[in-house]
K.L.:
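What follows is a single structure, and I will ask about it in a moment.
Here is how names work: the chains are called A, B, and so on, in the same order as the sequence lines, proteins then strands, and each is numbered from 1. As the structure is a prediction and not an experimental result, all values here were calculated from the model.
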Protein chains: 2
Amino acid sequence: MNTKPTMKEVAAAAGVSVMTVSRAFRSDASISDATREHIRKTADDLGYVFDSVASNLRSQRSGFVAVTIPSINNANFADTVAALTSRLDAAGLQVLLGRTNYDMAEEERLIGQLLRRQPEALVVTGGHHTERARRMMQKAGVPVVETWDLPKAPLGHVVGFSNTDVMRFMVAHLTARGYRRIAFIGGDSAYDTRGADRRRGFVAAMEERGLDPSRLITVGRPPVSMREGAAAMAILLDTLPDTEAVVAVADPAAFGALTECARRGVRVPDDIAIAGFGNFEISGVAVPALTSIDPFPARIGEQAGQLIADLLRGDATKNGPTLIEVEPQLVARASTGAG
Amino acid sequence: MNTKPTMKEVAAAAGVSVMTVSRAFRSDASISDATREHIRKTADDLGYVFDSVASNLRSQRSGFVAVTIPSINNANFADTVAALTSRLDAAGLQVLLGRTNYDMAEEERLIGQLLRRQPEALVVTGGHHTERARRMMQKAGVPVVETWDLPKAPLGHVVGFSNTDVMRFMVAHLTARGYRRIAFIGGDSAYDTRGADRRRGFVAAMEERGLDPSRLITVGRPPVSMREGAAAMAILLDTLPDTEAVVAVADPAAFGALTECARRGVRVPDDIAIAGFGNFEISGVAVPALTSIDPFPARIGEQAGQLIADLLRGDATKNGPTLIEVEPQLVARASTGAG
DNA sequence: ACATGGCTTGTTAACGATAACATACAGAAG
DNA sequence: CTTCTGTATGTTATCGTTAACAAGCCATGT
């Protein structure tokens, strides 16, 4: 009673060999229904708990898929993780989640830690990593999937979209509605690499159209909060009052900007238009509703999970790395005069 | 090169025994700095990755703390997990996260899965569990911490607050400001047990003051979304137009309610007051800012992590289960005529 | 010079499960 | 009746690391 029972105890109590107990706890093994039933019941009575650690060591399969995301508290990444988790769950795999806090150095540390647990696959957010992190992932000997991005030099598989190109849709939408003096609100580029990509995309798209791409407001480290979005809007209204439209790096910042307008009596979209990115719930609910871009986070998780399940079952085409592009979609709403 | 190197290979390459390599990868073991340095370098050159699985089996220490939360995408729980994670990280422990989706049956399944990984402690959200889940946790032989609640019959340790009592503060605040006809917006009680507790607390507090506690709007399964909050407000305004104040089970629902008022031209707080729970960022940013209750999620995670670190170091007082109450605080803002 | 003790390194067995192989047995086929 | 086939169970060795114990070496004190 002092120490927790092992298969040995269960085997003794059930009058069978340890191997038979082992088989009773797996789905595919050949064992008669009666024996399995009997062993399960005996185990239950003894309070036996299967030890995955020992199982993992002997079978050399951890059942883990390591996943890193910048922040847990972000509806977009959470949706991806949720979809990924349920897809992998169906394949008998468990997600081992790590949070990088938008920091490549932290990501490197985390990947090192996660790899020690012998994951069967690795899913990371974004395509920017430290050199050491890249090397670790390449030598890990398991499938690597980069998500939420379309890296120029992928480490392995990719499920995502181009954060640069996506801004073209947004600038096209705004110029089509007649806006010319358009500003961008984002965070410190040294950290949020995907946000920096979107800013780059914004600048490029503006330049392509011969428009001034210099209205850039930077506020703090990512993720850019609602409060910081409001602060950025305050700066913008104070320093560049003739701005006609604002694109925020993500919806929470866009919503913060919207609230600042409300506080100042600036009408949206009559006086200034606002748009975000991510299609967070708040964008559909806010008054006025915010134009955004839906990157289909759940679809990203679903596809990544499917890919990994296929790869590990071994029946996937082994024709090198897969690239799955999940095309984002512009959602036009009242905040840019649409909807 | 085909198979990944083990300590054996590293030992051979470095010209030492396997045991010495093992020591080189731990912090406390007695080994000379020169040898450690040499082994670390050799290991690095070989691309050796420490195998936690084998280590865990032999040492009977997994380095895991299993944690269950209802939803990943909730700023409150995310803050708790973040604080818990960083506190445990300092103690060399890794969080193994599972999401219950506000479902006790799912929680039971999850706890069973997590226990197989031999966690060194278990942190669960809430004090309501299935009978089987309770039994599993009690027999797990590791510290169990229930959070975000103050259960009547705790399983072990507790770090939280009473979801029932907390509504007393809110009703007191509203009645002090002169509101009498107060409604409550919540989700299906069969799922969100903490939400149901808050609803119970609301009813009790209203009755204590001789006020009508029957203005209860129920919308869907938890978590109650912004959209559902808006829908609930629509129902309320249509069916009980003389309501003076509304308390939502959580801030997102409260914000949804606020947006519905904005769409209808109902003024807040002049025509109706709104309050929420959780002190999410949105409540401080919304216009008008929303009155809420701050449950100090980070403090909950911090305390739970500290408790576990102490317990596992063994130097904690073993005087039975610990109960740490983290007192929530009312944050009065413009949406109830304050601030 | 020799015992003592601290520091560093090595040897052996074990953690709890499963892969691989061996074997027993029942019913089918010849 | 013998051989064959397939299902159900058992035996042995092993996954990669570390606990426990053993032992060597060197400096120090007497």
K.L.:
Return whichever of B/Arg26 or B/Val53 has its heavy-atom-nearest nucleotide of DNA chain D closer to the 5' end.
P.N.:
B/Val53

K.L.:
Is any side-chain nitrogen or oxygen of B/Thr20 closer than 4.0 Å to OP1 or OP2 of C/dT9?
P.N.:
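Negative; the distance criterion is not met.
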
K.L.:
Using a 4.0 Å heavy-atom cut-off across all strands, classify A/Val16 as base, sugar-phosphate, or nothing.
P.N.:
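Counting heavy atoms under 4.0 Å across all strands, the contact made by A/Val16 is with sugar-phosphate only.
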
K.L.:
Does B/Arg116 make a cation-pi contact with A/Phe25, if we ask for NZ or CZ under 6.0 Å from the ring centre and within 45° of the axis?
P.N.:
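Not flagged: B/Arg116 not positioned over aromatic ring of A/Phe25.
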
K.L.:
So, is B/Arg116 close to the C/dA17 phosphate, meaning a side-chain N or O under 4.0 Å from OP1 or OP2?
P.N.:
no

K.L.:
Quickly work out the B/Lys8 NZ to C/dG10 P distance and round it to whole Å.
P.N.:
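After rounding, the gap between these two atoms is 16 Å.
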
K.L.:
Which nucleotide, D/dT17, D/dC15, C/dG16, lies nearest any side-chain atom of A/Gln60?
P.N.:
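For the A/Gln60 side chain, the nearest candidate turns out to be D/dC15.
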
K.L.:
Please work out if A/Ser55 contacts a base, only the sugar-phosphate, or nothing of the nucleic acid, heavy-atom cut-off 4.0 Å.
P.N.:
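The residue A/Ser55 makes sugar-phosphate contact but no base contact.
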
K.L.:
Rounding to a whole Å, what distance do you find between A/Met7:CE and C/dC15:P?
P.N.:
15 Å

K.L.:
Passes salt bridge (Lys or Arg N to Asp or Glu O under 4.0 Å), A/Lys41 versus A/Asp45? Steps please.
P.N.:
CA-CA 6 Å; A/Lys41 182 159 172 7; A/Asp45 291 346; 3.0 Å; yes

K.L.:
Verify, without hydrogens or angle tests, whether A/Thr80 (side chain) and A/Ala298 (backbone) share a donor-acceptor contact under 3.5 angstrom.
P.N.:
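Absent.
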
K.L.:
May I ask you to verify if any side-chain N or O of A/Thr35 is less than 4.0 angstrom from the OP1 or OP2 atom of D/dT9?
P.N.:
yes

K.L.:
Find the distance A/Leu57:CG to D/dT18:P and express it as a whole number of Å.
P.N.:
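Checked: the CG to P distance equals 12 Å.
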
K.L.:
How is B/Ile31 classified with respect to the nucleic acid when contacts are heavy atoms under 4.0 Å: base, sugar-phosphate, or nothing?
P.N.:
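Result for B/Ile31 = sugar-phosphate.
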
K.L.:
Atom CD of residue position A/Glu37 - does it have more than 12 heavy atoms of other residues, nucleotides or ligands inside 6.0 Å?
P.N.:
no

K.L.:
Of the candidate nucleotides C/dA17, D/dT17, D/dG10, which contains the atom at the shortest distance from the side chain of B/Ala54?
P.N.:
D/dT17

K.L.:
Which nucleotide in the list C/dA17, C/dT8, D/dT17 gets nearest to the side chain of A/Tyr48?
P.N.:
C/dA17

K.L.:
When you measure from the side chain of B/Arg23, which nucleotide among D/dA20, C/dG16, C/dA17 comes out closest?
P.N.:
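Of the options given, the side chain of B/Arg23 lies nearest D/dA20.
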
K.L.:
May I have the distance from B/Asp51 (atom CG) to C/dC15 (atom P), rounded to whole angstrom?
P.N.:
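Taking CG of B/Asp51 and P of C/dC15, I get 18 Å after rounding.
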
K.L.:
Atom CE of A/Met19 and atom P of D/dT14: how far apart are they, to the nearest Å?
P.N.:
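Going from CE in A/Met19 over to P in D/dT14 covers 16 Å.
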
K.L.:
For the pair B/Arg194 (side chain) and B/Gly127 (backbone), establish whether a donor and an acceptor sit closer than 3.5 Å, ignoring hydrogens and angles.
P.N.:
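Not a single qualifying donor-acceptor pair exists.
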
K.L.:
Calculate the interatomic distance between B/Asn56 atom CG and C/dG16 atom P; express it in whole Å.
P.N.:
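Going from B/Asn56 (CG) to C/dG16 (P), I get 13 Å.
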
K.L.:
Nearest to the A/Ser30 side chain among C/dT11, D/dA8, C/dT8, which nucleotide is it?
P.N.:
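Looking only at side-chain atoms, A/Ser30 lies closest to D/dA8.
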
K.L.:
If you look at every strand shown and take non-hydrogen atoms under 4.0 Å, does A/Ser32 touch a base, only sugar-phosphate, or nothing?
P.N.:
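Sugar-phosphate contact only.
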
K.L.:
Within a 6.0 Å radius of atom NZ on A/Lys8, are there more than 12 heavy atoms belonging to other residues, nucleotides or ligands?
P.N.:
no

K.L.:
Could you tell me the separation between the CZ atom of B/Arg61 and the P atom of C/dA14, rounded to a whole number of Å?
P.N.:
23 Å

K.L.:
Hey, is the side chain of A/Ser17 poking within less than 4.0 Å of OP1 or OP2 on D/dG10, counting only N and O atoms?
P.N.:
yes

K.L.:
What's A/Ser52 touching, base or sugar-phosphate or nothing? Going by heavy atoms closer than 4.0 Å.
P.N.:
nothing

K.L.:
Nearest whole angstrom, please: distance from the P of D/dT9 to the CD1 of A/Ile39.
P.N.:
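Interatomic distance, CD1 of A/Ile39 to P of D/dT9: 8 Å.
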
K.L.:
As a test of reading the structure: which of C/dA17, D/dT9, D/dT18 is closest to the side chain of B/Ser22, going by heavy atoms?
P.N.:
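Within the option list, the nearest is D/dT18.
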
K.L.:
State whether the distance check finds a donor on one side and an acceptor on the other, under 3.5 Å, for side chain B/Arg58 versus base C/dG16.
P.N.:
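Not at all, since no donor on one side and acceptor on the other fall under 3.5 Å apart.
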
